[in-house]
Amino acid sequence: MDAGSLLRGMTEAQSQAVQHVEGPLLVLAGPGSGKTRVVTHRIANLLHQGVPDWQIAALTFTNKAADEMQLRLERLAPGREVWMGTFHRFCAQLLRRHAAMVGLKENYSILDAKDSLVAVKRAVQLAGVSTSHTSPERIANEISSAKNQLLTPEILLSQNLNPLRAVAAQVYPVYQRQLLIANAVDFDDLLLHIANLLRQNPEMRQQLDARFRFLMVDEYQDTNLAQYAIVRALSIDHPNLSVTGDPDQSIYGWRGADVNNILDFEKDYPSVTCIRLEQNFRSTPTILAAADHLIQHNRRRKAKRLFTDNLDGEMVVLRHFVNNYQEADGIAEEIIRAMAEDGASLGDFAIFCRTNSLTRSLEHSLRSRSVAYQIVSGVAFYQRAEIKDLIAYLNLINNPDHDVALGRVINTPPRGIGAKTVEHLQRYADQQAIPMLEACREVDQIVDIKKRGKTMIKKFVDMYDLIASKFAVPVMDQLKFVIEKSGYGKHLDAIDKESEGQSRRENVDEFVNAASEYDRKNPEDGSLEGFLEQVALISDTDAFDDSGQAVSIMTLHACKGLEFPRVFIIAVEDHLLPHERSRDDEAQFEEERRLLFVGMTRAEQWLQLSYCKSRAMRGDLRPAIASPFLNELPLQDMRQIESTPRQDWFDNEFDQSSQFDDDMPVFQVSDRGSASSADSSGDDSFDFGANQAAVDEFPEIQQDTSDVQKPADEPSPSEAAKAKAASFLNSVKTAADLATGASAPLTAYRKGSRVMHESYGEGTIVKVSGRGPKCVAKIAFADGEHDFRLAFAKLQLLDD
DNA sequence: AGATTGCGTCTTTTT
DNA sequence: GACGCAATCT
């Protein structure tokens, strides 16, 4: 491809950016302004100008963004290999080469957030600090933010201001020391170590600066101090740094991102060329105007003018619903309607929400209508217990010092090595400052461990040596060997037999496939180490499949960088968007506004915002209030749809005869209103108004309730009991919704079991009898009919 | 040792 | 609703 055709169809501003070769470049790119296109074309142009592949590196925040760029570049400049990837991957690979300089070995492991929390907990114990007024999570958070700001343990100790920081400062050095012993790093360390290396080794910095002569950073508004330091250090002798971003899309302030990095870029590099991409090629003018209207309300902001030549489209919809179930149903219905009438396809739709927990009712509604969906960043595949277990085995093989991994597998499957024994092992390891596997090998030295424990540990070490002896074979073979020899396979089969539900074995098989896929892609340089690195740095957002025929559901954070023809944003309500934890601080409040801005600007043709009158959260039905952001939209130009209230059971007279009305739609059968959700009645933010009325009106029901929940030792109903009664009524309402002949996805507790979510899949309701706590529904499933009883707070499967 | 159960706590966003 | 923890049972 020649230089001329690289510019075809580009605006003046775009082609200027593409043609920029030497010197710092700042591209302020509004949403949908063709930023990725500009970046990839610029890389192609650099190559065309004779810049060697290896002198260029493009840093992104997600693997998906990197893959997308890679793909597009391949079309522009086939066969050229430019390094593209996330900040974390970039640092991980550099660190492999220079591990020794920070006291690590090159086979170091990367801890994910969960693993790192485990390590922090251990460090808290060892440091001997009290967590009475804080939690390991908070401490971990504090350490993480310290790392993001490039603060060493020493600095943190010297400037302890608030009590939480002071505690974190005590734990931080202990934690760091343990990570070194375990030959491991956490996510933040990847950046921190590299930033420190670059600062402390001028020679190495110089070399790398020369090596990565042309550096590009995407989403620059989301860089934190560590990332900033790295980028700057690599652009001193060769300041061919090009950054793209949009201050209005900065949504990671909570993670240490600093918008000033982009706002002050011109100060850092006075000779910068600044280009603004303000023309939007994505959305209709109506959508763009609504988003622009909103973002104008941010005070701390660089003024920007967004415009588009696109044709006018439908009005933005602002829709109100009675509750979240209706909201979910309404969206599902709209999707079905748009597909039937407007020729839309499943992949056109996306649903965004503020928090992950909001996806639940959506799932129910879509599944019950057989609308295919994918949840981006839901319960992650790699976070499932069985997958994490296997990864831990592999980690321990690759890095025998990995204590977190050892802690995870030493008694999984059960090998008779109990908590007490592990504790003794850990203490010994801490004393000797050695990894725990080492301690296992020296188990004879540990006086506290009984003979039986010693034998068990020796057996475990033998097993380890066996599975670790297969080093340097394809990862898939290694994995299969582990599954067989560790006894984990048998263990899994036992579990799968025990609980009929989803098969863990299937997940494991999928993981084995992933391993074989890795082997196939890396026939030469494939190694366990590489596989583990890839697995550690993969994010759930990356699993998003845009070719698939499915509706996409994701958080507002996950939607950045994506676009969809039709977008729904749900729960635009106060305390959710803006989130209650971000309401008080103005900077955070503005970030919430940007979050909504990002969501709105993903839409190409059609956009709906919705909010509810009440929303079920944590088992309780809570009143919801419209988001203040809604008043900042051009409402007169939008289509507002009010809810048409369904006959809600507790909104009206309690009419017993109509309880099992056959026409009543089935909403959701679930275990709403759990017994543990009590004691919230004292809280002003809870309103049991409607339910409370029912409680007062039907004392006999309340009597039933207290019978079920408490063995008659409480004389008069407390506020808490009333609240429990209210949520109980909620459950009864659910039973009332069971209409004969309807089909419903059913999730239930198995009687007497702690197993949550025993899913029975789709079933048809054959018969409903009784009511209240005695209500029994007979439901036919593929494997036959089962009776379900709605007991207090739980849907129970009766004995077979 | 291991399984089970009840209880208390926390629940935003993620590389 | 999810999870960790501690008390209790098998």
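Model, not experiment: these values are computed from the prediction. Chain naming here is simple, since letters A, B, ... match the order of the sequence lines and numbering starts at 1 in each. All heavy atoms count here, side chains included; hydrogens, waters and symmetry mates do not.
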Let me know the distance between [atom1] of [X] and [atom2] of [N], rounded to the nearest Å.
{"X": "A:Gln383", "N": "B:dT14", "atom1": "CD", "atom2": "P", "value": "11 Å"}
{"X": "A:Glu580", "N": "B:dT11", "atom1": "CD", "atom2": "P", "value": "11 Å"}
{"X": "A:Gln227", "N": "B:dT14", "atom1": "CD", "atom2": "P", "value": "16 Å"}
{"X": "A:Glu363", "N": "C:dG1", "atom1": "CD", "atom2": "P", "value": "11 Å"}
{"X": "A:His557", "N": "B:dT15", "atom1": "NE2", "atom2": "C1'", "value": "13 Å"}
{"X": "A:Gln125", "N": "C:dC5", "atom1": "CD", "atom2": "P", "value": "9 Å"}
{"X": "A:Leu117", "N": "B:dT15", "atom1": "CG", "atom2": "C1'", "value": "17 Å"}
{"X": "A:Asn141", "N": "B:dT13", "atom1": "CG", "atom2": "C1'", "value": "11 Å"}

Which nucleotide in [options] has an atom nearest any side-chain atom of [X]:
{"X": "A:Phe187", "options": "B:dT14, B:dT15, B:dA3", "answer": "B:dT15"}
{"X": "A:Thr421", "options": "B:dG2, B:dT14, B:dA1", "answer": "B:dA1"}
{"X": "A:Pro414", "options": "B:dT15, B:dT13, B:dA3", "answer": "B:dA3"}
{"X": "A:Thr86", "options": "B:dT15, B:dA3, B:dT14", "answer": "B:dT15"}
{"X": "A:Arg360", "options": "C:dG1, B:dT13, B:dT14", "answer": "C:dG1"}

Ranking A:Arg452 and A:Glu592 by the position along DNA chain B of their nearest nucleotide, the one closer to 5' is A:Arg452
Nearest-nucleotide check on DNA chain B, A:Ser357 vs A:Gly453; residue mapping nearer the 5' end is A:Gly453
ask   = What about the rings of A:His557 and A:Trp254, do their centers lie closer together than 6.0 Å?
value = yes
At under 4.0 Å between heavy atoms, what does [X] touch on the DNA or RNA strands: base, sugar-phosphate, or nothing?
{"X": "A:Arg415", "value": "sugar-phosphate"}
{"X": "A:Phe61", "value": "sugar-phosphate"}
{"X": "A:Tyr252", "value": "sugar-phosphate"}
{"X": "A:Asp112", "value": "nothing"}

[N] phosphate, OP1 or OP2: any side-chain N/O from [X] under 4.0 angstrom?
{"X": "A:Asn356", "N": "B:dT14", "result": "yes"}
{"X": "A:Thr355", "N": "B:dT11", "result": "no"}
{"X": "A:Asn148", "N": "B:dT15", "result": "no"}
{"X": "A:Arg581", "N": "B:dT11", "result": "yes"}

Does CZ belonging to A:Arg138 count more than 12 external heavy atoms closer than 6.0 Å? no
Residues passing the ring pair (Phe, Tyr, Trp, His ring centres under 6.0 Å) test with A:Phe352, sequence neighbours excluded, are none
task: Indicate yes or no: does A:Arg427 engage A:Glu423 in a salt bridge with an N to O separation below 4.0 Å.
output: yes
inquiry  = Could you tell me if A:Arg593 sits above the aromatic ring of A:Phe629, with its cationic atom closer than 6.0 Å to the ring centre and no more than 45 degrees from the axis?
reply    = no
Across all chains, not counting sequence neighbours, the side chain to side chain donor-acceptor pair (under 3.5 Å) partners of A:Asn148 are A:Asn224
Open item on the list: With the six-membered base ring of B:dT15 as reference, does the ring of A:Phe87 sit under 5.5 Å away with planes under 30° apart?
Closed with: no
